[in-house]
Amino acid sequence: MPVLLNIGQLATCRADGGQREIHTVDAAALAWDGGTITWAGPAPALPAHLHEQETLDAGGRLVIPGLVDCHTHLAFAGWRADEFERRLRGESYLEIARAGGGIERTVRETRAASAEALRERATATLDAMACRGVTTVECKSGYGLDGETEIKLLEIYRTIANTHRQRLLTTFLAHAVPPEHRAHRAGYVDWLCRDLIPRIAREHLASFCDVFVEDGAFSIEEGKAILETGQRSGLRAKVHADQLSDSGGASLAARLGAVSADHLEHISPQGIAHLRQSGTVAVSLPIASAVLGQPPMPARSLIDAGVPVGVATDYNPGSAPSHDLPLALWLACTLQRMTPAEALKGATVVAARACGVEVEVGSLEAGKAADFALVDASDVLDWLYRFRPDGRIDTWAGGTQLTVTTLR
Ligand SMILES: [Zn+2]
């Protein structure tokens, strides 16, 4: 039963209280047994029997819960650096998409890639995420669009989940209507609802069903049909909502009791009110807002209204080609005016809620998974103020150290 001593600040991130309340403990200790936390609190209060256990020295550093990246498109092939430059020169996301770039281009490359190549790249990304403190990752399909490739992506996630120590949560994403079905949209949505989504649920390949509700992707009515099919099959709803325009996606998410509504750069005051009533988590993706040069999600309005706000990377080859969740936290502060504490809560216990795993992970409390990260900073404010991509982060998942640095 190891005990971690000499913790400068322990950010427990318990769920109670508002977004800004992360329940820190200075001069703390943390004990775990196997994969489960058994004690967390001020070091002077450490129970006597734990003094005799194996001890590790945190060196006065900050300790946070293992970060939860609650929105990623982890498995895909190819990059789109040239589109990054085209957007910087003035072309819009939708213009590039309509010219055969965007999602369609990644779909072509992902369909052509072998499962082995996709798996290797996804696991390398997960390893890199571990070095940034991430222990739980939500992974979406959505770069196949046909049955064969969507199933291939979800099976890759299942294989990785069985071999990696990080916790993976899998989502089927209805991302776009593929070009071969564009003339028969209704038939494609019908096939999703009658065939693919029930099959994915039957084979336990996903826990969530997500849909991109946007001009150029799916309408509100199509999104509703897809999400309701998912719910009838046992898949909880998530929505890519109000990213490029106020399309009513947030209100749809609220009406269906979705676990999260993600993006929300263009959410209306009415959408905010609906999310507050439904208890749906609003997931912000500030890397995507920055890359696309969009106004950020109005996080302050959401938090002030009492909506829990998550923070995630949206890791994908188009709008968010970075897997760095601490970078997203820093952008949540600088672009969305969230405080460091609010941002951290958004990538821990609030993000866990957006993935339906808040009972198991997301905070440092007895009974929860021993998933935590030692950050080379004195406290949360110091960490996100002096954001240092080279700052060392030692990450543990299920009581096992994932990253290589050896503690004394
Ligand atoms: Zn996304």
Side-chain angles (χ1 to χ4, degrees), residues 68-76 78-80 83-84 87 93-94 96-97 101-107 110 122 125 129 134 136-145 150 153-154 157 168-177 206-218 223 226-227 230 235-245 247 249-250 252-253 258-267 280-292 294 296-297 309-325 327-328 331-332 346-347 351 354-355:
V68 178
D69 196 339
C70 64
H71 183 135
T72 83
H73 303 253
L74 181 68
F76 58 84
W79 292 104
R80 299 184 345 228
E83 293 181 12
F84 179 58
R87 281 196 307 273
Y93 182 89
L94 285 176
I96 291 170
I103 292 169
E104 254 179 51
R105 178 172 164 194
T106 300
V107 166
T110 303
T125 306
M129 287 174 161
V134 176
T136 297
V137 182
E138 186 263 6
C139 315
K140 300 179 194 297
S141 70
Y143 284 122
L145 307 185
E150 288 296 309
L153 292 170
L154 294 170
Y157 293 145
L168 261 60
L169 297 147
T170 311
T171 300
F172 164 71
L173 169 63
H175 208 175
V177 177
S207 302
F208 302 96
C209 181
D210 191 347
V211 62
F212 187 18
V213 175
E214 194 63 66
D215 185 23
F218 292 97
I226 289 165
L227 295 173
L235 306 181
R236 299 178 76 183
K238 286 175 164 283
V239 186
H240 276 67
D242 302 336
Q243 179 188 8
L244 306 173
S245 61
S247 58
L252 174 68
V259 67
S260 74
D262 303 35
H263 276 295
L264 306 176
E265 284 88 341
H266 293 274
I267 188 172
T280 301
V281 175
V283 174
S284 66
L285 306 166
I287 295 175
S289 308
V291 167
L292 295 182
Q294 289 192 298
M297 173 220 261
V309 173
V311 183
T313 60
D314 194 18
Y315 175 66
N316 77 77
S319 58
S322 171
H323 60 261
D324 192 333
L325 187 50
L327 170 65
L331 289 171
C355 298

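Side chains are part of it too, since the values below use all heavy atoms of this structure and drop only hydrogens, waters and symmetry mates. Atoms within a ligand are numbered from 1 in the order they appear, just like the ligands themselves.
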Quiz item: Of all the atoms in H263, is at least one N, O or S atom closer to the Zn ion (ligand 1) than 2.8 Å?
Solution: no
Quiz prompt | Closest non-hydrogen atom pair between I96 and G102, with its separation | solution = CG2-N, 4.0 Å
Self-check item: Polar contact flag, side-chain donor to acceptor under 3.5 angstrom, H73-D314
Solution: yes
Self-check item: Proximity of F172 and Y157 rings by center, below 6.0 Å
Solution: no
Practice problem: Determine which of the N, O or S atoms in H73 is closest to the Zn ion (ligand 1) and give its atom name. | Solution: NE2
Practice problem: Could you tell me whether any N, O or S atom belonging to D314 is less than 2.8 Å from the Zn ion (ligand 1)? | Solution: yes
Quiz item: Looking only at heavy atoms, which two atoms of T313 and S322 are closest? And how far apart?
Solution: CB-O, 3.8 Å
